[in-house]
Amino acid sequence: MSKVTKILICIPCLTGAHHVKEAIESVINKTDVDVMVLDNGADEDVKKVIDGFEWNDSVFAWRQPINIYVNPAWNQFIKVFLANEKYSHMVLMNSDLIMQKDFDIVLRNRWNVDENEVIIPQMIQDKNAMQSDVDTNVSGAQKVYEGTAGVFITLNRKQAEIVHPLPTECLVWFGDEFAFTILRALGYDTVIPENLLSYHYWSQTVQRVAGISEIIEQDKLAWEATGRAKMMEIINKHKI
C-alpha cells in the first residue's frame, strides 16, 4: 500500500497577479492533491486571481485582511495540515514558483521509496522547458547539506510536528533555516531530484512590504536572542 495518501499544497499570496495565477495553475487538477491559498492581505489584482479559482473543488482559499507575514502564515498552513489526517505530506510553496506538469508524480514516487525525504525542486531558467515530458520514476538526486531558499518546503506529518511552530519572533526570515536545519540534524535527507523541475520568477515580493528593512533587522535580533536557541532545543530534544 502506498505510503503517500493526499498532498496539501500551501501558497501564501501577496503581490504579483501574473505569477500567482501561473503558480496556482501549475499545481491544481492533480490526483489526490489539494491546494490551499492564503490571501495574505493581498493586492486587489491578486484577490481577483484567487477568486477566479473558486470553481475548482480542490482549491481552498482563506483571507487575512492584513499581511501576517511569512512565518505566521506558514504556521497557519502547518496547523491545518496537522489537523487533517487525510494528508500525508504537505508543500509550502511561494506564489512565484511554477511547477512542472508531473511534479506530483515525481514527489509520490520518491516518497513511496523514502517517505522522509525533504524534497526541493531544481530551479531552471527556461520556463518552456517544463512543458517537455520528464521521467517521473525515482532517479538521481543531489543531497543538500546546508542552505536552500525557502521557496518550496516539503514535510510529512512527523516532520511537521517536529518543526511546528516556526519562530514567530521572526516574521519574514529564518523560518526555512529553522525547519531545514532541524530536519537535517535529525537525519532527514534534503534532496534535489534531477527530474523535479520548477521555474522561479524571483519576484522579491517580500521587498515590497512596507517597512521590510526594519522587520528584517528585528528578525535578525530575534533569531540571535531566541530563535537559534529554540532550534537547538528541538534538535537536542528529538536526538535523545
Check your understanding: Should Asp34 and Tyr87 be marked as a side-chain hydrogen bond (donor to acceptor under 3.5 Å, both in side chains) after you check the CA-CA gap, both sets of side-chain angles, and the distance that decides it?
Key -> CA-CA 9 Å; Asp34 284 342; Tyr87 300 118; 2.6 Å; yes
Review point. So Lys237 and Glu233, salt bridge (Lys or Arg N to Asp or Glu O under 4.0 Å) or not? Walk me through it.
Key: CA-CA 6 Å; Lys237 172 185 175 182; Glu233 181 180 346; over 6 Å; no
Review point. How far apart are the C-alpha atoms of Arg184 and Asp189, what are their side-chain angles, what is the distance that settles it, and do they pass the salt bridge (Lys or Arg N to Asp or Glu O under 4.0 Å) test?
Key: CA-CA 6 Å; Arg184 288 173 186 149; Asp189 287 343; over 6 Å; no
Practice item. Output, in order, the C-alpha distance, side-chain angles, deciding distance and verdict of side chain to side chain contact (heavy atoms under 4.5 Å, CB included) for Glu117 and Tyr188. Key: CA-CA 6 Å; Glu117 277 191 339; Tyr188 295 107; over 6 Å; no
**Study point:** Check against salt bridge (Lys or Arg N to Asp or Glu O under 4.0 Å), Arg63 and Asp51
**Key:** CA-CA 11 Å; Arg63 313 285 183 175; Asp51 290 342; 2.2 Å; yes
Check your understanding: Are Val37 and Phe60 close enough, and set up right, to give a side chain to side chain contact (heavy atoms under 4.5 Å, CB included), and what steps lead you there?
Key -> CA-CA 6 Å; Val37 180; Phe60 305 91; over 6 Å; no
Practice item. Dump the intermediate steps for side chain to side chain contact (heavy atoms under 4.5 Å, CB included) on Phe174 and Lys220, then the final yes or no. Key: CA-CA 8 Å; Phe174 301 110; Lys220 292 177 181 178; 4.2 Å; yes
**Study point:** Stepwise side chain to side chain contact (heavy atoms under 4.5 Å, CB included) check, Ile9 with Met90
**Key:** CA-CA 6 Å; Ile9 310 289; Met90 72 175 299; over 6 Å; no
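Looking at Pro167 and Trp223, their side chains come closer than 4.5 Å, going by heavy atoms from C-beta outward. Between Met93 and Val27, the closest side-chain pair of non-hydrogen atoms falls below 4.5 Å. With contacts defined as side-chain heavy-atom distances shorter than 4.5 Å, the pair Cys13/Asp39 does not qualify. Ile162 places a side-chain heavy atom less than 4.5 Å from the side chain of Ile234. For the pair Ile120 and Phe180, the minimum side-chain heavy-atom distance is below 4.5 Å. Proximity of Leu183 to Leu155: side-chain heavy atoms (C-beta onward) are separated by under 4.5 Å at one or more points. Counting heavy atoms from C-beta outward, Phe53 and Glu25 have side chains that approach closer than 4.5 Å. No side-chain heavy atom of Val191 sits under 4.5 Å from any side-chain heavy atom of Val144.
A donor-acceptor pair is defined here as one N or O able to donate and one able to accept, closer than 3.5 Å; no such pair exists between the side chain of Asn40 and the backbone of Ala42. In this structure, Asp219 contributes its side chain and Leu171 its backbone to a donor-acceptor pair below 3.5 Å. Of the possible polar contacts, none joining the Glu22 side chain to the Ile98 backbone as a donor-acceptor pair under 3.5 Å is found. In this structure, Trp55 contributes its side chain and Gly52 its backbone to a donor-acceptor pair below 3.5 Å. The closest donor-acceptor contact from the side chain of Asp114 to the backbone of Arg110 lies at 3.5 Å or more, if one exists at all. For Thr136 (side chain) and Ile105 (main-chain N/O), no donor-acceptor pair under 3.5 Å exists by modelled atom type. At least one donor-acceptor pair closer than 3.5 Å links the side chain of Ser198 to the backbone N or O of Gln122. One N or O on the side chain of Asn56 and one on the backbone of Ser58 form a donor-acceptor pair closer than 3.5 Å. No donor-acceptor distance shorter than 3.5 angstrom exists from the side chain of Asn71 to the backbone of Leu166, with no hydrogens or angles considered.
Atom OG in Ser139 sits 4.0 Å away from atom CD in Glu194 (nearest 0.5 Å). Distance check: Lys158 NZ to Glu115 CD gives 9.5 Å after rounding to the nearest 0.5 Å. Annotation: the span from Asp176 atom CG to Thr181 atom OG1 amounts to 8.5 Å, rounded to 0.5 Å. Atom CD in Gln76 sits 6.0 Å away from atom CD in Gln64 (nearest 0.5 Å). A distance of 14.5 Å separates CE in Met99 from CD1 in Ile28, rounded to the nearest 0.5 Å. To the nearest 0.5 Å, atom CE of residue Met123 and atom NE2 of residue His200 are 6.0 Å apart.
Look at Lys101 and Asp133 and you find a salt bridge, because one of the NZ, NE, NH1 or NH2 atoms lies within 4.0 Å of a carboxylate O, short of that distance.
Of all heavy-atom pairs between Ser95 and Thr15, the closest is OG-O, 4.4 Å. Residues Ile50 and Ala61 come closest through the heavy atom pair CG2-CB, 3.7 Å. Across every non-hydrogen atom of Gly41 and Leu14, the tightest pair is O-CD1, 3.7 Å. The two residues Trp74 and Gly175 make their nearest non-hydrogen contact at CZ3-C, 4.0 Å. In this structure, Arg108 and Val4 approach most closely via the heavy-atom pair NH1-CG1, 3.4 Å. Closest approach of Ala129 to Ile124, counting heavy atoms only: CB-CD1, 4.0 Å.
Asp135 and Asn195 share no donor-acceptor pair across their side chains, judged by distance under 3.5 Å alone. Donor-acceptor pairing under 3.5 Å is recorded for the side chains of Asn116 and Asn156.
Between Phe81 and His164, the ring center distance fails the sub-6.0 Å criterion. If you look at Phe77 and Trp62, their ring centroids are closer than 6.0 Å.
The cluster map of Ile, Leu, Val, Met, Phe, Trp and Tyr, joined by side-chain heavy atoms under 4.5 Å apart, puts Leu221 and Phe178 in different clusters. When the side chains of ILVMFWY residues are joined at heavy-atom separations under 4.5 Å, either directly or via intervening members, Val134 and Val138 end up in two distinct hydrophobic clusters.
Sparse packing is recorded around CD of Glu85, with 12 or fewer heavy atoms of other residues, nucleotides or ligands lying under 6.0 Å away. Heavy atoms from other residues, nucleotides or ligands lying under 6.0 Å from CG of Asp57 number 12 at most. Around NZ of Lys21, the count of heavy atoms belonging to other residues, nucleotides or ligands within 6.0 Å does not exceed 12.
The aromatic rings of His89 and Trp111 sit parallel to each other, their planes meeting at less than 30°, with 60° as the upper class boundary.
Of the listed residues (His18, Lys127, His19), just one forms a side-chain hydrogen bond (donor to acceptor under 3.5 Å, both in side chains) with Tyr201, and that residue is Lys127.
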